[in-house]
Amino acid sequence: MASMSPSGDQQTTDADGADALGVSEVAGPSSSVLLRHRARFLNPATALPGRDHRRPDSTAYRADTLLVPLRLATDPERIAEFNAALAPLGAELVVRLPATERWQAAVAAFDPGYAVPVLLRCLEDSLADATPDPWRVLVRLRRKFDDELLDGIGLEHLTHAAAVEMEGAPFGSGVPFGSGVPFGSGVPFGSGVPFGSGVGGGGVAMATGARNPVRVFLPEPHRTADPTTLPSGRRPVVAVLDTGIGEHPWLRVGPVAEDPVVEVSPEFQLLLADLESTLTDATGGVMPTLVSPTEQRDVLQPLLGVTDSHSGHGTFVSGLVFQNCPDSRVLSLRVLHTDGITTDASVLLALEWLRQRVRNALDNGVTADLVDVVSVSLGFYPEHTDHQTGLLLAEAVRKLTDMGVVVVAAAGNDATTRPFVPAALALNPDGSNTTNPLLVAVGALNASGRTVAAFSNEGDWVTRWAPGNAVVSTVPLWQGPEGCGLSTPGDGNPRMARTSPDPDDLTTGFAVWAGTSFATPVVAGMLARRLVESEDATSDADRVARARTALEATDGDLRGLGWITD
């Protein structure tokens with residue numbers, strides 16, 4: 001498969017995981033991504049059909065786990081029953097959960113439907129010459145047991161950020177803009193005009209920039225000093241599930257008592273690290289655990305110091321929320337790795353942790369712990385668009401929206417109508433997972449707001465639109481090693497070297513980037529701005545009514561700007 005966007009790998013992958021020529025409608029990870037994240041690619045042409053001999057769609061998933069709800073994972077008799085059915089495949093499920101006190105304390109309060117990764121292993125006396133394929137195991141279970149019993153059991157999908165990027169270099173490595181140099185066939189900028197002759201290497205420019213540094217001469221957005229004077233009586237909280245937060249003068253991080261712009265949660269990060277490290281210890285792995293809430297720059301090539309493709313993504317998203325609602329507070333939860341990849345297991349943990357936080361806040365009157373909006377700039381293409389496949393995320397989202405939390409999710413960047421979840425869970429083609437008005441799927445417009453960005457997904461399930469191409473926001477104050485492409489001594493006036501732009505010199509603190517990743521926090525921030533204007537609510541029903549009113553007002557703002565039409 002081929003893709004413009006995820007993980008910096010513009011190429012196709014054939015059934016055997018080898019690189020191949022050609023273009024496909026939706027994203028397919030490269031062999032390097034699959035290796036880094038212990039994953040497989042499901043090829044519809046060769047995959048085992050499911051019920052009614054229906055072939056799956058393409059997707060990527062962890063090679064050695066299935067997601068299993070707690071109610072089943074903690075039931076040894078049920079696991080033994082499943083393993084008896086899997087014995088002919090030479091496979092077994094092995095439940096291995098973190099043993100730390102903090103995990104045990106947290107999971108005791110989690111919903112029984114929350115799903116955890118369960119290891120899939122070969123039986124000791126198996127004669128198989130390959131490790132068990134989770135898809136084949138899942139098909140076997142579905143043929144042997146009723147759907148009601150298997151509710152919540154599914155693949156652990158690879159999930160990727162919805163940002164357009166080109167391996168961290170400006171318009172770099174020949175994709176999607178052209179022949180390996182910025183927008184043209186010459187250096188530094190083609191045929192005597194900026195970025196070549198106006199088109200990308202002879203083709204159509206699909207996006208404008210990929211974390212390219214810019215200089216901003218605008219003041220920091222004004223923030224009300226005392227949040228108790230706001231009409232809502234407090235700052236609306238926007239939870240951002242992303243790569244974490246980096247250092248930036250606009251985005252002060254601190255404890256809630258100090259009224260920061262950005263709040264982080266060491267508690268959540270440690271729970272996620274417990275889960276990740278338990279599986280890594282059992283199966284091996286390449287990527288480090290996400291134990292710190294702080295963004296990292298050079299995980300993939302630390303010896304070279306190369307800035308990874310999605311480093312700074314979370315800071316960029318947080319800055320867009322802040323620009324659109326300076327009076328909000330961002331709750332940054334780091335779930336994405338620096339290559340823009342995670343799994344739906346990590347996302348589910350974040351959503352369940354948020355559900356528990358909001359539930360405790362409402363039950364105990366701790367308004368400082370309330371969350372009002374969740375911004376999710378990531379997703380995946382499922383193997384089926386049915387209720388069973390989308391059940392885990394659909395229920396996790398529903399539990400939050402039932403408490404008046406609006407979930408805003410990116411539509412994806414592959415110029416397809418194929419559903420991208422969780423955004424598409426509001427409206428699947430078969431009618432499942434519908435009637436959730438507080439789940440908002442956001443597509444990307446170009447900077448003018450008058451046209452749809454060429455890369456943006458669309459479909460009936462995309463319900464809101466906002467600029468996501470060539471938008472400017474905050475990035476961590478980093479200087480990478482790449483350097484400029486052209487440099488001459490500074491013999492003139494001023495006595496400075498004359499160079500072309502340095503693509504990874506982010507010390508300006510600002511960059512331009514593109515993707516539905518960034519249209520999403522624009523809408524989330526606009527929604528938070530409307531929540532500032534409304535009185536607070538402390539019951540589930542009142543919070544739902546408050547959220548719906550704010551969303552209606554936000555829709556009015558979007559229509560006024562011409563960003564959505566009826």
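We use all heavy atoms of the structure for the numbers below, so side chains are in, but hydrogens, waters and symmetry mates are not. A quick note: this is a predicted structure, and the numbers were derived from the prediction, not measured.
Side chain of W563 to backbone of D555: no donor-acceptor contact under 3.5 angstrom is found. A donor-acceptor distance shorter than 3.5 angstrom exists from the side chain of T516 to the backbone of G412, with no hydrogens or angles considered. A donor-acceptor pair under 3.5 Å is formed between the side chain of N457 and the backbone N or O of A415. At distances below 3.5 Å, not a single donor-acceptor pair connects side-chain atoms of Q323 with backbone N or O atoms of G525. At distances below 3.5 Å, not a single donor-acceptor pair connects side-chain atoms of S375 with backbone N or O atoms of V408. Of the possible polar contacts, one joining the N364 side chain to the N360 backbone as a donor-acceptor pair under 3.5 Å is found. Judged by distance alone, the side chain of T243 and the main-chain N or O of S311 form no donor-acceptor pair under 3.5 Å. When atom types are taken as modelled, the side chain of E295 and the backbone of G312 share a donor-acceptor pair closer than 3.5 angstrom. A donor-acceptor pair is defined here as one N or O able to donate and one able to accept, closer than 3.5 Å; such a pair exists between the side chain of R329 and the backbone of A368. No donor-acceptor distance shorter than 3.5 angstrom exists from the side chain of T315 to the backbone of V475, with no hydrogens or angles considered.
The only option from T228, T224, T229 that meets the side-chain hydrogen bond (donor to acceptor under 3.5 Å, both in side chains) definition with D226 turns out to be T228. Of the residues T474, V253, V261, the one that meets the side chain to side chain contact (heavy atoms under 4.5 Å, CB included) test with H248 is T474. Screening R38, R96, R40 for a salt bridge (Lys or Arg N to Asp or Glu O under 4.0 Å) involving D64 leaves a single residue, R38. Under the salt bridge (Lys or Arg N to Asp or Glu O under 4.0 Å) rule, R359 has a single partner from D540, D369, D402, D111, which is D540. Here the rule is side-chain hydrogen bond (donor to acceptor under 3.5 Å, both in side chains) with R530, and of D557, T554, T549 only D557 fits it.
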Open item on the list: For D242 and S332: C-alpha separation, side-chain torsions, deciding distance, then whether side-chain contact (heavy atoms from CB on, under 4.5 Å) applies.
Closed with: CA-CA 7 Å; D242 219 284; S332 177; over 6 Å; no

Open item on the list: I'd like to know whether S377 forms a side chain to side chain donor-acceptor pair (under 3.5 Å) with H313, so could you lay out the CA-CA distance, the side-chain angles of the two residues, the decisive distance to 0.1 Å, and finally the verdict.
Closed with: CA-CA 9 Å; S377 294; H313 192 276; 5.6 Å; no

Open item on the list: Walk me through whether V405 and L438 qualify under side-chain contact (heavy atoms from CB on, under 4.5 Å).
Closed with: CA-CA 7 Å; V405 180; L438 296 186; over 6 Å; no

Task: Candidate pair Q269 and V291, rule side-chain contact (heavy atoms from CB on, under 4.5 Å), full reasoning - done: CA-CA 5 Å; Q269 295 303 151; V291 66; 5.6 Å; no

Open item on the list: Determine whether D414 and F455 satisfy the following criterion, side-chain contact (heavy atoms from CB on, under 4.5 Å), listing intermediate values before the conclusion.
Closed with: CA-CA 6 Å; D414 293 285; F455 55 78; over 6 Å; no

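For R543 and D372, the salt-bridge test passes: some basic side-chain N is under 4.0 Å from an acidic carboxylate O.
Distance check: F316 CZ to L251 CG gives 12.0 Å after rounding to the nearest 0.5 Å. The distance from the CG atom of L141 to the CG atom of L66 is 7.0 Å, given to the nearest 0.5 Å. Note that CG of L400 is 8.5 Å distant from CD of E352, once rounded to the nearest 0.5 Å. Atom CG of residue D536 and atom CG of residue L370 lie 6.5 Å apart, to the nearest 0.5 angstrom. Note that CG of N469 is 5.0 Å distant from CG of N446, once rounded to the nearest 0.5 Å. Rounding to the nearest 0.5 Å gives a distance of 7.0 Å between OG of S309 and CZ of R211.
Considering only heavy atoms from C-beta on, M526 comes within 4.5 Å of R529 through its side chain. For the pair V407/P422, no side-chain contact is recorded, criterion being any heavy-atom separation below 4.5 Å from C-beta on. Residues L272 and W353 form no side-chain contact, since every pair of their non-hydrogen atoms from C-beta on lies 4.5 Å or further apart. Between P521 and V240, the closest side-chain pair of non-hydrogen atoms is not below 4.5 Å. In this structure, the side chains of P437 and L551 stay at 4.5 Å or more apart for every pair of heavy atoms. Using a 4.5 Å heavy-atom threshold, the side chains of R464 and L558 count as touching. Between R398 and L425 there is no side-chain heavy-atom pair separated by less than 4.5 Å. Within the 4.5 Å cutoff, no side-chain heavy atoms of V335 are placed close to those of L349.
Relative ring orientation between F145 and F82 is described as perpendicular, the plane-to-plane angle rising above 60° on a 0-90° scale split at 30° and 60°. Taking the six-membered ring where tryptophan is involved, the planes of W513 and H310 are tilted, since the angle between them lies from 30° to 60°.
S58 and R418 share a side-chain donor-acceptor pair at under 3.5 Å. Between Q296 and T338, the side chains place no donor N or O within less than 3.5 Å of an acceptor N or O (distance only, hydrogens not considered). When only modelled atom types and interatomic distance are considered, H157 and E383 share a side-chain donor-acceptor pair under 3.5 Å. A side-chain donor from one of S534 and R546 sits under 3.5 Å from a side-chain acceptor of the other.
For the pair F322 and R223, the tightest heavy-atom approach, listed with the atom from each and the gap, is CE1-CD, 4.1 Å. In plain terms, the two heavy atoms of A109 and R355 that are nearest each other are O-NH2, 3.4 Å. When all heavy atoms of G443 and S456 are compared, the closest pair comes out as CA-OG, 3.6 Å. Taking each heavy atom of A444 and A519 in turn, the nearest pair found is CA-CB, 4.0 Å. Residues V68 and A73 approach most closely at CG1-N, 3.7 Å, considering heavy atoms. Contact detail for D344 and L155: the closest heavy-atom pair is OD2-O, 3.7 Å.
Within 6.0 Å of atom CD in Q356, more than 12 heavy atoms from other residues, nucleotides or ligands are found, so the atom counts as buried in its surroundings. The 12-atom threshold is not exceeded at CG of D146, counting heavy atoms of other residues, nucleotides or ligands nearer than 6.0 Å.
Separation of the F380 and F420 ring centroids does not fall under the 6.0 Å cut-off.
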